[in-house]
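Input: a single structure, listed below in structure tokens.
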Amino acid sequence: QEKIYFYLGRNGEIGLPQENIGEKSVLFEVINNQNKVSLKKIWEAKEPTVTSSVSTYVDDDNVYILENNYGKTNILDSPLGKYETVLYNYNSIKGMKGISLPERLKPESASNAINIVDYNEDNKLDLIVASEVWKSLDGKEIQTKWPESYIVSNFMKQKNKIKLYPAEF
């Protein structure tokens with residue numbers, strides 16, 4: 001509808017992970033009035049999170065917004081804590097609605113970036129997940145149980161994870 005929106009997933013960056021309480025994410029409408037740009041807040045998350053990445057996918061009148069907060073196992077419809085990954089569906093008429101999808105993410109894996117794509121062009125949404133490889137302070141031991149990156153094809157309906165090689169993909 002020729003409107004422009006800006007989704008701001010905030011990280012909080014207030015020191016060490018145990019000190020970071022996170023910040024609330026916000027959806028703005030961008031207003032351009034005779035080349036004077038301003039932001040109008042139209043939605044704010046209920047809970048503060050520690051956002052690693054945000055991915056959006058526009059599908060007709062709907063926008064899917066995946067806010068990655070390093071994930072756990074499930075994609076939730078609203079954050080329960082600062083490290084929960086959430087999926088929203090935004091429609092300018094219906095507003096913001098959360099979508100819950102269990103077991104879409106690999107447990108005990110730090111998802112640094114999650115992108116909504118249609119990589120195989122089958123008109124079904126897929127996830128490409130890049131996992132962080134946690135190592136010991138001396139760099140000799142991998143501490144992430146599943147450090148590989150992966151794809152979840154048709155993630156709205158399926159939860160099967162396909163590993164990508166090499167892990168640093």
Side-chain angles (χ1 to χ4, degrees), residues 1-13 20-107 109-132 149-162 164:
Q1 299 175 359
E2 296 190 29
K3 289 186 179 184
I4 297 173
Y5 298 94
F6 175 64
Y7 187 87
L8 178 61
R10 299 173 173 162
N11 195 4
E13 295 299 340
N20 190 346
I21 59 169
E23 297 178 81
K24 292 182 179 182
S25 298
V26 184
L27 179 66
F28 295 101
E29 180 179 348
V30 179
I31 310 293
N32 184 351
N33 187 2
Q34 298 177 351
N35 292 325
K36 291 183 182 179
V37 177
S38 62
L39 298 175
K40 175 184 171 189
K41 183 169 64 171
I42 58 173
W43 176 86
E44 183 175 65
K46 294 176 185 173
E47 296 291 328
T49 55
V50 177
T51 303
S52 171
S53 65
V54 173
S55 179
T56 60
Y57 190 91
V58 180
D59 182 17
D60 297 323
D61 293 332
N62 295 296
V63 178
Y64 295 94
I65 303 167
L66 184 82
E67 182 180 338
N68 172 28
N69 303 311
Y70 295 102
K72 287 192 178 175
T73 299
N74 302 321
I75 295 174
L76 301 179
D77 57 1
S78 65
L80 300 174
K82 64 182 179 179
Y83 293 112
E84 304 287 354
T85 294
V86 291
L87 178 63
Y88 300 111
N89 177 274
Y90 178 73
N91 179 293
S92 61
I93 297 169
K94 297 177 184 176
M96 189 78 87
K97 177 184 168 198
I99 299 172
S100 181
L101 298 171
E103 300 177 30
R104 294 318 195 268
L105 304 175
K106 190 68 181 164
S109 176
S111 303
N112 251 1
I114 304 175
N115 290 304
I116 302 173
V117 296
D118 182 8
Y119 80 94
N120 54 0
E121 298 179 355
D122 64 356
N123 294 318
K124 295 175 182 146
L125 299 181
D126 311 307
L127 287 183
I128 295 182
V129 183
S131 297
E132 182 175 332
S149 298
Y150 57 95
I151 292 175
V152 181
S153 294
N154 189 10
F155 84 100
M156 294 288 211
K157 303 279 185 209
Q158 300 182 85
K159 57 186 174 184
N160 298 331
K161 295 153 196 72
I162 303 164
L164 296 175

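Positions are given from 1 along the sequence. All figures in this text were calculated on a predicted structure; none of them were measured in a lab.
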side-chain contact (heavy atoms from CB on, under 4.5 Å) evaluation trace for Glu84 with Thr49: CA-CA 7 Å; Glu84 304 287 354; Thr49 55; 5.9 Å; no

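- Among residue pairs with one or both ends in residues 94-105, those qualifying as side chain to side chain donor-acceptor pair (under 3.5 Å) are Glu103-Lys159; sequence neighbours excluded.
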Phe155/Val129 under side-chain contact (heavy atoms from CB on, under 4.5 Å): CA gap, chis, key distance, verdict: CA-CA 12 Å; Phe155 84 100; Val129 183; over 6 Å; no

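- Here Leu8 contributes atom CG and Glu44 contributes atom CD; the two are 10.5 Å apart, rounded to the nearest 0.5 Å.
- Using a 4.5 Å heavy-atom threshold, the side chains of Ile151 and Ile128 count as touching.
- Judged purely by atom type and a 3.5 angstrom limit, Asp122 uses its side chain to pair as donor or acceptor with the backbone of Lys124.
- You'll find the side chain of Leu80 stays beyond 4.5 Å of the side chain of Glu47, heavy atoms only.
- Taking 4.5 Å as the limit, some side-chain heavy atom of Ile114 sits within range of a side-chain heavy atom of Leu105.
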Evaluation steps, side-chain contact (heavy atoms from CB on, under 4.5 Å), between Ile75 and Leu127: CA-CA 12 Å; Ile75 295 174; Leu127 287 183; 3.9 Å; yes

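- If you look at Tyr90 and Tyr5, their ring centroids are closer than 6.0 Å.
- Atom CD1 in Ile42 sits 7.5 Å away from atom NZ in Lys3 (nearest 0.5 Å).
- Side chain of Tyr150 to backbone of Lys106: a donor-acceptor contact under 3.5 angstrom is found.
- Using a distance-only test at 3.5 Å, with no hydrogens or angles considered, a donor-acceptor pair links the side chain of Asp126 to the main chain of Asn154.
- Between the OG atom in Ser52 and the CG atom in Asn112 there is a gap of 4.5 Å [rounded to 0.5 Å].
- The shortest heavy-atom contact between Ser149 and Ser131 is OG-N, 3.4 Å.
- In summary, the side chains of Thr51 and Asn69 do present a donor paired with an acceptor at a separation below 3.5 Å, with no hydrogens or angles considered.
- Pairing each heavy atom of Pro107 with each of Thr73, the nearest pair is CB-OG1, 3.3 Å.
- Distance alone, capped at 3.5 Å, is enough to place a donor-acceptor pair between the Asp118 side chain and the Asn123 backbone.
- The heavy-atom pair separating Gln158 from Val152 by the smallest distance is O-CG1, 3.5 Å.
- Here the side chain of Asn68 pairs a donor or acceptor atom with the backbone of Ser111 at under 3.5 angstrom.
- A ring pair (Phe, Tyr, Trp, His ring centres under 6.0 Å) check over residues 37-56, counting only residues at least two apart or in different chains, returns the pairs Trp43-Tyr88.
- For the pair Pro102 and Asn74, the tightest heavy-atom approach, listed with the atom from each and the gap, is CA-OD1, 3.2 Å.
- Residues Ser55 and Ile116 come closest through the heavy atom pair OG-N, 2.8 Å.
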Please output the side-chain donor-acceptor pairs of residues 24-33 that fall under 3.5 Å, not counting sequence neighbours, one pair per line with the distance.
{"residue": "Ser25", "atom": "OG", "partner": "Glu67", "partner atom": "OE1", "Å": "3.0"}
{"residue": "Ser25", "atom": "OG", "partner": "Glu67", "partner atom": "OE2", "Å": "2.7"}
{"residue": "Asn32", "atom": "OD1", "partner": "Asn35", "partner atom": "N", "Å": "3.0"}

